[in-house]
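As structure tokens, the structure follows; a few thoughts come after it.
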Amino acid sequence: MSRFRPREEDRLAIEACQRGEREAFDVLVERYQRDVYRLCYRYVNNHHDASDLTQDSFLKAYRAIGRFRGDSAFSTWLYRIAVNTCLNFRASRHRPSEELKDDVVDAGPRVDDRIEDDELSQQVREAVSRLPEKQRATLILKIYNDLTHEEVAAILGSTVGTVKANLFHALGNLRKAMAGTAPGGRRLAPDAKKTGES
Amino acid sequence: MWTHLSDDVLMDMVEGVAGDKAERHVAACASCRARVEEARTALGFVAAATVPEPIPSYWDVMRRRVAQSLVEAPAARSRRPLWAAAAVAGAALFAVVVTGPGKAPVSPRATPAASLPPWSPLPPNDEDPALPILELVVAPTVAAATPAAFCSDVSECVVGLSDEESGELADALRAQLAAGRTL
């Protein structure tokens, strides 16, 4: 359980916040704003909404920090708030039909033989943002926020086995959504694609 | 009987932490091996998908935005015990007794209701029998009856309560009313 103990600097800042010292929260914002922003960006895939959601997540965390008891790492607790904020945002903006189903469709033939890195990034981010909710949340938290399976399970209120299974499904769906594209950005030749999809 | 590996075990294979038994199965099973390879390929895509980094000064802007939003937010504080909420409620009732109903409007329709924060769990004015007490609590005439140990100003104390604290206060006030206290 020692890994769940908040870092000493976090603990001091959290206790100061709980005493009503608003300025202490700035330490936590400074430390975690990049991670929270990137997490939010993975959900909404644009800077403007990610920025608003980051601010909203920190505001909610501040309002609730009096109830933080250190049962989990502060980052885990904060990510959970951010994930819920993103889910609420998406629920208010998107219809479920926009998501990929488990039997995800092929992305279709590509026009360009070579895809620039930023184009590939954009393509992957869009594919990630279209994954079913739990698969997307699992993939973002595990791969991009580098959390353990146990931490992801704690955030999503799930089991480690389910987290692993969801992650495996997410990767499978992502691979299908990116069919025809090699990880390096090159379009796969037809026979190479066939091999990858066997 | 030949059974394929479950998805969580296949994920262990992708991460290279599966046991020997699983590895032997994957080596012998084309279907499971293909699924593992597919997932490993997808990991390559995932690694390529970076988030565009904002300009460096953006993070200072974000910190200022958060700090500004905190100024407008209710203060963070540890959850206050129920006895504190009860004490505030008691102070409110005491104020009613000391000042008397004639010194302050008691009808919820006689005077505009105290401005409650939008996050308050309290019901609307016309449904909440405790609201008249809250109106008296925030009236300047009762400030002197506030226990200094809890708040220097009752109205500030009440308005600054969190959702849970507001709920506790409302419950305490209703309990007082249910016990036969009248305005």
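Residue numbers start from 1 in every chain, and the chains themselves are labelled A, B, ... in the order their sequence lines are given, proteins ahead of strands.
With a 4.5 Å cut-off on non-hydrogen atoms, B:Ala67 does not touch chain A at all. Using a 4.5 Å cut-off between heavy atoms, B:Val14 touches chain A through its side chain atoms alone. A:Asp52 touches chain B through backbone and side chain together, each having a heavy atom under 4.5 Å away. Neither the backbone nor the side chain of A:Lys60 comes within less than 4.5 Å of any heavy atom in chain B.
Atom OH of residue A:Tyr62 and atom CG of residue B:Leu70 lie 6.0 Å apart, to the nearest 0.5 angstrom. Rounded to the nearest 0.5 angstrom, B:Asp7 CG and A:Lys164 NZ are separated by 12.5 Å. Atom OG1 of B:Thr50 is separated from atom CG of A:Leu120 by 9.0 Å, given to the nearest 0.5 angstrom. One finds the OG1 atom of A:Thr159 at 8.5 Å from the CG atom of B:Asp8 (value rounded to the nearest 0.5 Å).
Considering every non-hydrogen atom in both B:Val51 and A:Tyr41, the closest pair reads CG1-CG, 3.6 Å. Across B:Ala49 and A:Ser121, no two heavy atoms sit closer than the pair CA-OG, 3.6 Å.
Taking chain B as the reference chain and counting heavy-atom pairs below 4.5 Å, the highest number among A:Arg38, A:Arg42, A:Glu30 is found for A:Arg42. Listed options A:His149, A:Arg34, A:Glu23 were ranked by heavy-atom pairs under 4.5 angstrom with chain B; first place goes to A:Arg34.
Using a 4.5 Å heavy-atom threshold, the side chains of A:Gln123 and B:Phe45 count as separate. In this structure the side chain of B:Ser69 reaches within 4.5 angstrom of the side chain of A:Gln55, judged on heavy atoms. In this structure, A:Tyr144 and B:Val46 have side chains that are in contact, with non-hydrogen atoms separated by less than 4.5 Å. Within the 4.5 Å cutoff, side-chain heavy atoms of B:Pro52 are placed close to those of A:Arg125.
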| message | Using side chain to side chain contact (heavy atoms under 4.5 Å, CB included), reason through B:Val66 and A:Phe25 one step at a time and then give a plain yes or no. | response | CA-CA 9 Å; B:Val66 172; A:Phe25 197 69; 4.2 Å; yes
| message | Please determine whether side chain to side chain contact (heavy atoms under 4.5 Å, CB included) holds for the pair A:His47 and B:Tyr58, giving the CA-CA distance in whole Å, both sets of side-chain angles, and the decisive distance to 0.1 Å. | response | CA-CA 11 Å; A:His47 170 76; B:Tyr58 167 76; 3.4 Å; yes
| task | Would you please test A:Ser51 and B:Arg65 for side chain to side chain contact (heavy atoms under 4.5 Å, CB included) and show each step? | result | CA-CA 10 Å; A:Ser51 191; B:Arg65 281 178 59 182; 2.9 Å; yes
| Could you walk me through whether B:Glu15 and A:Leu167 pass the side chain to side chain contact (heavy atoms under 4.5 Å, CB included) check? | CA-CA 11 Å; B:Glu15 296 179 323; A:Leu167 182 57; 4.2 Å; yes
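Taking the charged nitrogens against the carboxylate oxygens, B:Glu37 and A:Arg175 have no contact shorter than 4.0 Å, which rules out a salt bridge. Salt bridge annotation for A:Asp26-B:Arg63: present, with a cationic side-chain nitrogen under 4.0 angstrom from a carboxylate oxygen.
The cluster map of Ile, Leu, Val, Met, Phe, Trp and Tyr, joined by side-chain heavy atoms under 4.5 Å apart, puts A:Val128 and A:Leu87 in the same cluster.
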